[in-house]
Amino acid sequence: GAASLPPDVWAKVKDHPCYSEEAHHYFARMHVAVAPACNIQCNYCNRKFDCANESRPGVVSERLTPEEGARKVLAVAASVPQLSVLGIAGPGDACYDWARTRATFALVARRLPDIRLCLSTNGLALPELVDEIVDMNIDHVTVTINMVDPEVGERIYPWIYHGHRRWTGRDASRLLHERQMEGLERLTARGVLVKVNSVMIPGINDAHLEEVNRQVTARGAFLHNIMPLISDPAHGTAFGLAGQRGPTARELSALQDRLEGGAKLMRHCRQCRADAVGLLGEDRGQEFTLDRLGDPV
Ligand code: CLF
Ligand code: SF4
C-alpha cells in the first residue's frame, strides 16, 4: 500500500492494475496488438498465436498498424472511464518490433498525455532501447525471465536471432540471459519499474525459479509474476514442449510461498491477451474491433 512505498513510486503504481493489487479493482488496462515480429523461439510458443509470455495460449489478436492502434485507444478511452494504462505485449515482441511500438505510443501520448505506457518484452532487444524508453515516459516494463542459467535455458529456447544471425544451444541462452540482466539493470537504474514474468514449467525451470527470483530481486525488479504454463492441446502443438504439462494450482502456490521475501510477488495476474481491454479478468476487446471504431486519428 501507499505507506510502504516512496511517493514517486506510489505515484506510478497507484492506478496501474497490474502493479498494484488494489488498483486492479478500479483501473483498466488495454493492449493493442501492433508488434507481430519476434526475435526468439520459446519452446512453449505456437507462433500462430499471441506471445505466450504475457497472454493465454490459443489466442489470435486482431493485428493493427500504429495508426489503427492509436484510433482504438482513443475509442476505448472515450467509453471506458477506468482506462489508465496502455500496454503493448505483442503479439510478438514489443522491443524487437520497436518502430511500430514507438510509433503507437507516440501517437497516443500526443492525444492522451496522462495515459500510462507499459510494455512487455523477452528482453533480447531491450538494452539499447532504455534511453528511448525513459525519454518516452514509459514507466513500466515487463521482462520475461525464465532462467538465469544457460543449461536450463537450452531446454526452453531452441534459438534466438541477434546481431544479424541465429544463435542456438547454450550460446543462445547465455546471450539472452546476459541481455536480460543488462536491460533489467539499466531500467531499474533509471527509475523504470520492472516486473519480471517467469513461466513456470514443471521439471524444467520450476526449482530454478528460486534462483531467478534471487537474481532479479538483487537487480531491482519491482514485482515478480510467476505465470503457470498453460498447456492447451486443443490449440495445436507448441514448438518444442509438446505434451508438457503446466503446474497444478498447489505447485504454483507452493513456489510462490517459497519466494516470499524477494521481490514483491504479483498474484492477481489474469494472463490476458495481446488485445485485452478492460479491468483485469474482463475482456471487452470485441466491443472495439476496427470495424466498430470511429474516425481516423
Ligand atoms: Fe499489460 Fe502487462 Fe502492462 Fe499489465 S498485463 S503489458 S503489465 S498493462 Fe497484467 Fe495481463 Fe498479467 Fe500482464 S494481468 S498478463 S501482468
Ligand atoms: Fe512466442 Fe516467446 Fe516470441 Fe513470445 S517471446 S512470441 S512466447 S517465441
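Indexing begins at 1, ligand by ligand and atom by atom, following the structure's order. Positions are given from 1, in the same order as the sequence printed here. Note that the coordinates shown come from a computational prediction; the quantities given were computed from them, not determined experimentally.
Counting heavy atoms closer than 4.0 Å to ligand 1, residue His268 contributes nothing at all.
For Cys51, every N, O or S atom stays at 2.8 Å or more from atom 3 (Fe) of ligand 2.
Close approach of ligand 1 to Arg270 (heavy-atom distance below 4.0 Å) involves ligand atoms 11 (Fe), 13 (S). Heavy-atom contacts of Leu280 reach the following atoms of ligand 1: 13 (S) (cutoff under 4.0 Å). Contact atoms of ligand 1 toward Cys118: 3 (Fe), 6 (S), 7 (S), 8 (S) (distance under 4.0 Å to a heavy atom of the residue). Near Cys272, with a cut-off below 4.0 Å to any heavy atom, the atoms of ligand 1 are 5 (S), 10 (Fe), 13 (S), 14 (S). Atoms of ligand 1 lying under 4.0 Å from any heavy atom of Val85, numbered from 1 in the order shown and given with element: 8 (S). The contact set between ligand 1 and Cys269, taken as ligand atoms under 4.0 Å from a residue heavy atom, comprises 11 (Fe), 13 (S), 14 (S), 15 (S).
At the shortest separation from atom 2 (Fe) of ligand 2 among protein heavy atoms lies Cys42 SG, 2.3 Å. In this structure, the protein non-hydrogen atom closest to atom 1 (Fe) of ligand 2 is Cys45 SG, 2.3 Å. For atom 5 (S) of ligand 2, the closest non-hydrogen atom of the protein is Asn53 ND2, 3.2 Å. Atom 3 (Fe) of ligand 2 has its closest protein heavy atom at Cys38 SG, 2.3 Å.
One option in His16, His31, Arg29, Lys195 has a heavy atom closer to atom 1 (Fe) of ligand 1 than any other, and that option is His31.
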